[in-house]
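Throughout, numbering of the chain's residues begins at 1 and tracks the sequence. None of these values were measured; they are calculated from a predicted model.
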Amino acid sequence: VSDAAADLRARRKQEAACRAATYVEDGMVVGLGTGSTSAFFIDELGRRWREEGLRFSGIPTSDRSAKQAADLGIQLTDFAHHTMLDLAVDGADEVLRGSLALIKGLGGALLREKIVAQAARRFVVIVDDTKLVDKLCMTAPVPVEVTPFGWECAAERLAALGARAPKPRTDRAGQLYRTDGGNIILDCHFAPIDDPQTVFSEIAKIVGVIESGLFLTEANEVLVATDHGVEQLMPQRGR
Ligand code: A5P
């Protein structure tokens with residue numbers, strides 16, 4: 001990807017993020033996503049906190065996002081104080097046109113992201129238009145978080161479902177990647193998925209699987225930044 005294309009993508013992510021930040025109101029409990037798009041969202045909330053005196057509480061989906069928000073002075077809270085959020089905003093790796101089913105978790109935070117998304121009255125996804133796909137798994141694998149014990153068995157079962165030789169994710173230095181919860185991630189490259197619900201259910205049946213990055217029904221709205229500005233997509237269910 002050229003520098004110019006990367007800059008354009010970053011600008012788009014920021015546009016979607018800034019639009020979502022206008023949804024935050026005083027007194028809300030807000031889920032703070034993880035990843036480069038969510039980082040723009042948190043930055044913009046930091047700006048509104050500082051410059052506009054906006055006051056809300058954030059529940060972060062990762063240690064990274066917690067640190068970013070705390071550094072900006074945003075007040076954080078947790079599920080011990082709130083089991084229901086007014087709003088959660090997060091990025092995605094793929095968004096399926098129509099149903100708005102998602103793949104999430106290339107940033108590794110999928111478990112906390114799904115807990116936060118499901119606890120939110122409204123879950124808004126922010127993406128640039130390169131994330132829209134006609135079938136899931138066209139451009140991104142499905143990340144599956146598993147317990148370190150016996151991951152080899154889970155990997156075999158995922159391979160039997162069609163994932164190409166799933167291996168534990170490693171970082172740039174080649175070290176085993178650990179999630180904030182201390183688990184490992186198997187990135188599952190399936191052929192483009194015709195029936196996400198079946199794949200989701202079959203993955204969930206495997207012992208040792210904690211959660212998959214298939215978010216099939218969580219999104220209430222997707223804000224997608226395009227050439228022509230930010231478009232708001234709502235899910236068409238039952239497709
Ligand atoms: C983090 O675990 C992910 O679910 C991210 O939301 C997703 O990977 C999108 O990341 P970017 O906003 O960096 O593209």
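- Grouping Ile, Leu, Val, Met, Phe, Trp and Tyr by side-chain contacts under 4.5 Å, direct or through others, leaves Leu8 on its own.
- For Asp171, the salt bridge (charged side-chain N to carboxylate O under 4.0 Å, His left out) criterion is met by no residue, not counting sequence neighbours.
- Residue Leu214 comes nearest to Pro196 through the heavy atom pair CD1-O, 4.3 Å, listed as atom of the first residue, atom of the second, then distance.
- Summarising the geometry, atom CD1 belonging to Ile126 is positioned 15.0 Å from atom CZ belonging to Arg12; distances are rounded to the nearest 0.5 Å.
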In a table with atom names and distances, give each donor-acceptor pair under 3.5 Å that connects a side chain of residues 70-82 to protein atoms at least two apart or in another chain.
| unit_1 | atom_1 | unit_2 | atom_2 | d |
| --- | --- | --- | --- | --- |
| Asp71 | OD2 | Lys67 | NZ | 2.7 |
| Gln75 | NE2 | Ser57 | OG | 3.0 |
| Asp78 | OD1 | Ala80 | N | 3.1 |
| Asp78 | OD1 | His81 | N | 3.4 |
| Asp78 | OD1 | His81 | ND1 | 2.8 |

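- Pro141 is not listed as a side-chain neighbour of Ile103, based on a closest heavy-atom distance of 4.5 Å or more.
- Linking Ile, Leu, Val, Met, Phe, Trp and Tyr whenever their side-chain heavy atoms come within less than 4.5 Å puts Ile42 and Leu223 in one cluster.
- The number of heavy-atom neighbours closer than 6.0 Å to CG of Asp3, taken from other residues, nucleotides and ligands shown, is 12 or below.
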Is there a side chain to side chain contact (heavy atoms under 4.5 Å, CB included) between Val224 and Val95? Walk through the geometry before answering.
CA-CA 10 Å; Val224 45; Val95 175; over 6 Å; no
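- In this structure, Lys13 fails the cation-pi test against Phe40, since its NZ or CZ atom is not both closer than 6.0 Å to the six-membered ring centre and inside 45 degrees of the ring normal.
- Rounding to the nearest 0.5 Å places CG of Leu186 at 10.0 Å from CD of Glu145.
- There is no path of hydrophobic side-chain contacts, each under 4.5 Å, that joins Ile184 to Tyr177.
- When the side chains of ILVMFWY residues are joined at heavy-atom separations under 4.5 Å, either directly or via intervening members, Trp151 and Leu161 end up in a single hydrophobic cluster.
- Every residue was checked against the side chain to side chain donor-acceptor pair (under 3.5 Å) condition with Glu15, not counting sequence neighbours, and none meets it.
- You'll find the side chain of Thr34 reaches within 4.5 Å of the side chain of Glu113, heavy atoms only.
- Contact record, Ser38 with Val89: OG-O, 4.3 Å, taken as the closest heavy-atom pair.
- Contact annotation: the side chain of Pro148 approaches that of Asn183 to within less than 4.5 Å [non-hydrogen atoms, C-beta and beyond].
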Full working for side chain to side chain contact (heavy atoms under 4.5 Å, CB included) between Arg64 and Asp180:
CA-CA 9 Å; Arg64 249 177 303 159; Asp180 285 346; over 6 Å; no
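- Considering SG of Cys137 and CD1 of Ile193, their distance stands at 4.5 Å, rounded to 0.5 Å.
- Residue Glu44 holds its CD atom at 4.0 Å from CZ of Arg47, rounded to the nearest 0.5 Å.
- Taking hydrophobic clusters as Ile, Leu, Val, Met, Phe, Trp and Tyr residues chained together by side-chain heavy-atom distances below 4.5 Å, Val116 shares a cluster with Ile210.
- With hydrogens and angles ignored, the 3.5 Å screen pairs a side-chain donor or acceptor of Lys104 with a backbone N or O of Gly91.
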Arg178 and Leu176: side chain to side chain contact (heavy atoms under 4.5 Å, CB included), yes or no, with the steps?
CA-CA 6 Å; Arg178 295 279 184 162; Leu176 190 65; 4.1 Å; yes
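- In this structure, the side chains of Leu110 and Ile185 come closer than 4.5 Å at one or more pairs of heavy atoms.
- Scanning all heavy atoms of the two residues, the minimum distance from Val125 to Phe123 falls at CG2-CE2, 3.7 Å.
- Under 4.0 Å is where a charged nitrogen must lie from a carboxylate oxygen, and between Arg112 and Asp90 no such pair does.
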For residues 16-33, dump all side-chain donor-acceptor pairs below 3.5 Å to protein atoms at least two apart in sequence or in another chain.
| unit_1 | atom_1 | unit_2 | atom_2 | d |
| --- | --- | --- | --- | --- |
| Thr22 | OG1 | Arg19 | O | 2.6 |
| Tyr23 | OH | Glu221 | OE2 | 2.4 |
| Asp26 | OD1 | Arg55 | N | 2.7 |

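- The two residues Ala154 and Val146 come nearest to each other via the heavy atoms CB-CG1, 4.2 Å.
- Residue pairs satisfying the side-chain hydrogen bond (donor to acceptor under 3.5 Å, both in side chains) criterion with at least one member in residues 154-170, sequence neighbours excluded, are listed as follows: Arg169-Asp187.
- A donor-acceptor distance shorter than 3.5 angstrom exists from the side chain of Glu94 to the backbone of Ala140, with no hydrogens or angles considered.
- Taking CG of Leu158 as the reference point, atom CD of Glu202 lies at 11.0 Å (rounded to 0.5 Å).
- Between Asp194 and Lys135 there is a salt bridge, since at least one side-chain N of the basic residue sits less than 4.0 Å from a carboxylate O of the acidic one.
- The distance from atom CG of Asp134 to atom CG of Leu96, rounded to the nearest 0.5 Å, is 7.5 Å.
- Hydrophobic clustering (ILVMFWY, side-chain heavy atoms < 4.5 Å, transitive): Phe190 and Leu216 are in one cluster.
- Minimum heavy-atom separation, Ala155 to Pro166: O-CG, 3.6 Å.
- Minimum interatomic distance between Phe200 and Ser212 (heavy atoms only, all atoms of both residues): CD1-OG, 3.9 Å.
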Derivation of the side chain to side chain contact (heavy atoms under 4.5 Å, CB included) call for Val199 and Val142:
CA-CA 10 Å; Val199 174; Val142 178; 5.7 Å; no
